[in-house]
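For reference, the structure discussed in these notes is given below.
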4 protein chains.
Amino acid sequence: MDRKAPDAARRSERSRRAIFEAALSLVGEVGYQRLTVEGIAARAGVGKQTIYRWWPSKADVLLDAFTADADVEGYAAGLPDSGDLAADLKAVLRATVDEFRDPAFQAPYRALAAAGAADEQLSARFVERLLEPGMRAYVERLRAAQEAGEIAAWVDPRIAAEMVLSPFSQRWLMRTGELTYSFTDSLVDTALAGFRPRPS
Amino acid sequence: MDRKAPDAARRSERSRRAIFEAALSLVGEVGYQRLTVEGIAARAGVGKQTIYRWWPSKADVLLDAFTADADVEGYAAGLPDSGDLAADLKAVLRATVDEFRDPAFQAPYRALAAAGAADEQLSARFVERLLEPGMRAYVERLRAAQEAGEIAAWVDPRIAAEMVLSPFSQRWLMRTGELTYSFTDSLVDTALAGFRPRPS
Amino acid sequence: MDRKAPDAARRSERSRRAIFEAALSLVGEVGYQRLTVEGIAARAGVGKQTIYRWWPSKADVLLDAFTADADVEGYAAGLPDSGDLAADLKAVLRATVDEFRDPAFQAPYRALAAAGAADEQLSARFVERLLEPGMRAYVERLRAAQEAGEIAAWVDPRIAAEMVLSPFSQRWLMRTGELTYSFTDSLVDTALAGFRPRPS
Amino acid sequence: MDRKAPDAARRSERSRRAIFEAALSLVGEVGYQRLTVEGIAARAGVGKQTIYRWWPSKADVLLDAFTADADVEGYAAGLPDSGDLAADLKAVLRATVDEFRDPAFQAPYRALAAAGAADEQLSARFVERLLEPGMRAYVERLRAAQEAGEIAAWVDPRIAAEMVLSPFSQRWLMRTGELTYSFTDSLVDTALAGFRPRPS
DNA sequence: GCTTAAGCGAGACGGTACGTCCGGTCTTAGA
DNA sequence: TCTAAGACCGGACGTACCGTCTCGCTTAAGC
């Protein structure tokens with residue numbers, strides 16, 4: 001029930017891209033707090049109204065900008081399955097450590113996470129588009145391992161996935177600890193040790 | 001490094017308390033984004049300068065307000081130790097679930113977490129004063145269990161604590177899942193299953 | 001030299017008028033010292049920025065407000081010339097006495113005079129737009145009288161005009177004496193007595 | 001009916017002088033608008049309350065500071081009387097031109113005049129202490145000249161004095177013209193020409 | 001000479017207004 | 001009709017001073 005739905009067919013692709021680039025570069029330069037719609041419009045060479053016409057807030061611009069860049073990257077293909085669960089998880093997590101250390105990736109992602117933590121509406125979109133697909137890939141890899149007998153039947157793959165991923169996310173988001181390969185390796189080892197099927 | 005340090009001995013305790021109460025009630029009513037220094041000052045019956053004299057930002061006001069209220073509450077005493085680790089962890093986590101559902105607690109805490117996620121300076125204080133003491137209590141309870149032989153020697157209590165706590169924190173902060181007793185119970189059971197000493 | 005010149009073509013005439021009316025009514029109610037840009041904006045139903053966009057200070061708002069009202073009124077037409085110089089000057093000065101006793105006229109005019117006395121930049125505009133046109137009208141009427149032989153050739157009309165007008169202005173501005181018809185009549189009589197061509 | 005009259009006997013002469021010096025130097029450096037009580041107190045090394053205890057406003061401080069310096073200077077002795085009225089007036093006015101060109105004199109005097117123009121209460125004190133004594137000296141010199149037969153009996157010395165002095169004051173205060181010796185000489189010549197007793 | 005009450009330097013306090021920044025809406029001209 | 005541009009109303013920012021107040025300290029007067 002918006003005032004009037006703009007005609008998407010007539011939308012300027014050039015402006016859309018310019019807005020994304022401006023938003024991503026600005027969030028890296030000045031941070032999310034000082035990222036402004038006016039600033040984005042000015043750098044993109046675009047009128048403010050062109051932003052407000054298509055997005056309700058700077059957070060939504062950033063979310064689209066970020067996913068437009070990154071949506072191919074994703075976990076669409078799922079996690080690798082070499083048959084060795086521990087090795088696969090460690091490899092993926094080490095890659096993730098690298099990714100989260102890249103400032104160009106970190107700045108907008110952190111901004112979105114922080115904005116999502118504060119805004120329930122936004123967090124729904126953030127989770128759906130960024131967090132959930134990743135988590136699902138882990139859950140499915142764990143389920144596959146379970147079917148292959150690598151993991152005990154009583155283990156809930158969702159809980160297991162969260163036990164591996166959340167300590168990483170938390171350390172990164174709240175800066176409660178360092179993000180090292182040894183940390184992620186330990187996470188995998190400690191978790192999998194408990195999930196192995198028991199003789200008993 | 002500051003322009004000039006105000007004289008803390010002359011500080012008005014009345015104003016300090018009024019500011020805390022105003023900040024906590026306002027953040028609950030209007031949320032963090034619309035929480036303003038002006039609004040706090042107005043509700044507290046205080047000049048804006050009295051806030052700016054003692055705190056650099058609304059986030060710092062809120063952090064002090066929250067910890068002034070809560071700093072006795074804390075984990076200073078450590079987690080209970082009944083000898084039954086699983087029962088103790090479940091009880092504490094269930095209490096935490098209740099706490100995080102209380103709007104009066106949740107609003108300022110979430111605001112601080114979100115602000116900390118975006119601001120490195122702030123997150124250092126947030127972690128030190130709120131997150132780390134809680135985490136340490138878990139780590140110590142786990143270490144005690146390890147010494148009592150309930151947990152295998154190879155387990156790193158810090159990693160173990162994060163595997164129990166972070167999934168909870170992450171679900172709450174990012175709203176990636178429900179916070180139920182059954183969730184926290186599952187976390188404890190799944191984690192501890194893997195940590196038990198093995199016969200082998 | 002300004003940061004960026006606003007586009008005068010897009011200016012809101014409605015806002016401009018509302019600002020003038022607010023400024024003039026407020027200066028009458030609370031005086032110049034307590035006249036504030038915020039107060040003007042509030043009464044005019046206008047954002048503060050709309051004032052700062054077009055005027056550098058409250059004094060400039062008032063100057064424009066006053067002259068917008070009064071610029072037709074003025075001495076554009078010159079002083080009356082009935083052939084009887086003394087009568088003409090007395091009539092005009094008596095009218096001026098009445099005018100300067102009207103609070104609606106006096107409040108903004110006095111405010112501008114006081115602000116101009118303190119601020120060289122402002123006084124240049126104040127003199128050019130308000131004082132000088134009036135003075136010029138007197139100078140020209142005196143010159144006409146000189147050509148008509150009513151005034152001696154050696155008299156400098158500018159000096160003569162100041163000798164008639166300045167005592168009046170000074171009494172009013174500094175409150176050094178009463179503004180009565182008999183005072184202005186005396187001024188005219190005393191001055192003209194000396195300017196008459198002598199038989200000698 | 002003040003709250004409580006402070007005990008003038010215990011007043012600190014050192015502070016009083018320091019305040020005067022600070023006020024006069026500051027008004028010269030930053031102008032009257034940006035002259036602040038806090039600034040005066042800081043430069044004088046004095047508490048703000050020490051100023052508010054003895055003066056109701058910065059204008060009153062300045063008025064006292066200025067007259068404390070200048071009250072000997074004054075016209076207490078009256079104008080010189082050499083027997084040649086024109087010469088005496090020209091000499092005094094030329095000296096006054098010099099004085100009003102001295103920045104150390106001009107800054108506080110202009111500030112007081114401007115503040116007095118805006119504030120009726122203050123202008124009463126300003127006129128009484130600074131303007132009126134000067135004017136009275138002129139009136140008396142003119143009366144003496146009248147008694148000596150230099151000026152016609154019908155001339156009102158007060159009007160005559162204002163016709164000589166006010167054009168000067170007005171030019172200076174409102175910056176409506178230059179302050180030159182030739183201007184003041186012309187004023188004297190033009191005025192006195194009219195006041196001479198006539199044969200008729 | 002000792003007490004005590006005032007003035008004093010200092011500066012925190014509740015306020016008001018400043019001039020700036022930006023949010024989100026609206027208007028205009030151009031493509 | 002969408003766009004670039006930007007004026008508009010509104011409201012919060014962080015700062016500067018206002019005039020009041022309270023704190024110890026110094027200091028002169030009166031006991």
Side-chain angles (χ1 to χ4, degrees), chain A residues 3-4 6-12 14-15 18 34-39 41-42 44-54 56-58, chain B residues 3-12 14-15 18 33-39 41-42 44-54 56-58, chain C residues 3-12 14-15 18 34-39 41-42 44-54 56-58, chain D residues 3-4 6-12 14-15 18 34-42 44-54 56-58:
Chain A
R3 285 306 171 85
K4 203 182 288 180
D7 180 350
R10 292 198 162 208
R11 182 168 187 181
S12 161
R14 156 184 291 277
S15 294
R34 279 181 298 182
L35 177 69
T36 65
V37 173
E38 280 193 350
V46 141
K48 283 203 289 177
Q49 195 56 39
T50 301
I51 297 182
Y52 283 113
R53 189 159 21 238
W54 301 106
S57 73
K58 67 177 178 179
Chain B
R3 284 304 170 88
K4 207 179 291 178
D7 181 349
R10 294 204 170 180
R11 184 166 185 182
S12 162
R14 156 183 291 277
S15 295
Q33 306 294 342
R34 279 181 297 182
L35 177 69
T36 65
V37 173
E38 261 181 12
V46 140
K48 283 203 287 178
Q49 198 58 47
T50 300
I51 298 183
Y52 285 112
R53 184 155 31 232
W54 301 108
S57 70
K58 66 177 179 177
Chain C
R3 284 303 170 87
K4 205 179 290 176
D7 180 349
R10 295 200 169 183
R11 183 165 187 183
S12 162
R14 155 183 292 277
S15 295
R34 280 182 297 183
L35 177 69
T36 65
V37 174
E38 266 184 5
V46 141
K48 283 204 288 178
Q49 197 58 47
T50 300
I51 297 182
Y52 285 113
R53 187 159 23 240
W54 301 109
S57 72
K58 65 176 180 178
Chain D
R3 285 305 170 87
K4 203 181 290 180
D7 179 352
R10 292 192 163 207
R11 183 166 188 182
S12 161
R14 155 184 292 277
S15 294
R34 281 182 297 184
L35 177 69
T36 66
V37 174
E38 281 194 348
I40 297 171
V46 141
K48 284 203 289 175
Q49 196 56 42
T50 300
I51 297 182
Y52 284 113
R53 189 163 15 241
W54 302 107
S57 72
K58 66 176 180 179

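Values in this document were obtained by computation on a predicted structure and should not be read as measured data. Throughout, a chain's letter reflects where its sequence line sits, starting with A, and its residues are numbered from 1.
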**Message:** Can you tell me if D/Arg14 has over 12 outside heavy atoms packed within less than 6.0 Å of its CZ?
**Reply:** no
**Complete:** 5' to 3', nucleotides 3-11 of chain F under a 4.0 Å protein heavy-atom cut-off (B base, S sugar-phosphate only, - none) gives BBBBBBBB-
**Asked** For C/Glu38, which residues count as a side chain to side chain donor-acceptor pair (under 3.5 Å) partner, sequence neighbours excluded?
**Response** C/Lys48
**Nearest heavy-atom neighbours spanning B/Leu35 and B/Lys58** = O-NZ, 3.0 Å
**Request:** Report the distance from atom OH of D/Tyr52 to atom P of F/dT22, rounded to the nearest whole Å.
**Result:** 17 Å
**Request:** Please report, rounded to the nearest Å, how far the P atom of F/dC18 is from the CZ atom of C/Arg34.
**Result:** 16 Å
**Request:** Looking only at non-hydrogen atoms, find the nearest pair between D/Trp54 and D/Asp7 and report the distance.
**Result:** CH2-O, 3.8 Å
**Message:** Is it the case that atom CZ in C/Arg53 sees more than 12 heavy atoms from other parts of the structure closer than 6.0 Å?
**Reply:** yes
**Item:** Approximate separation, where rounding is to 0.5 Å, of B/Arg34 CZ and B/Thr36 OG1
**Value:** 11.0 Å
**Request:** Grab the CG-P distance between C/Leu35 and E/dA17 for me, whole Å please.
**Result:** 10 Å
**Distance in angstrom units between A/Ile51 CD1 and F/dC2 P, rounded** = 17 Å
**Message:** Whole angstroms only, please: what is the CD-C1' distance between B/Gln33 and E/dG23?
**Reply:** 13 Å
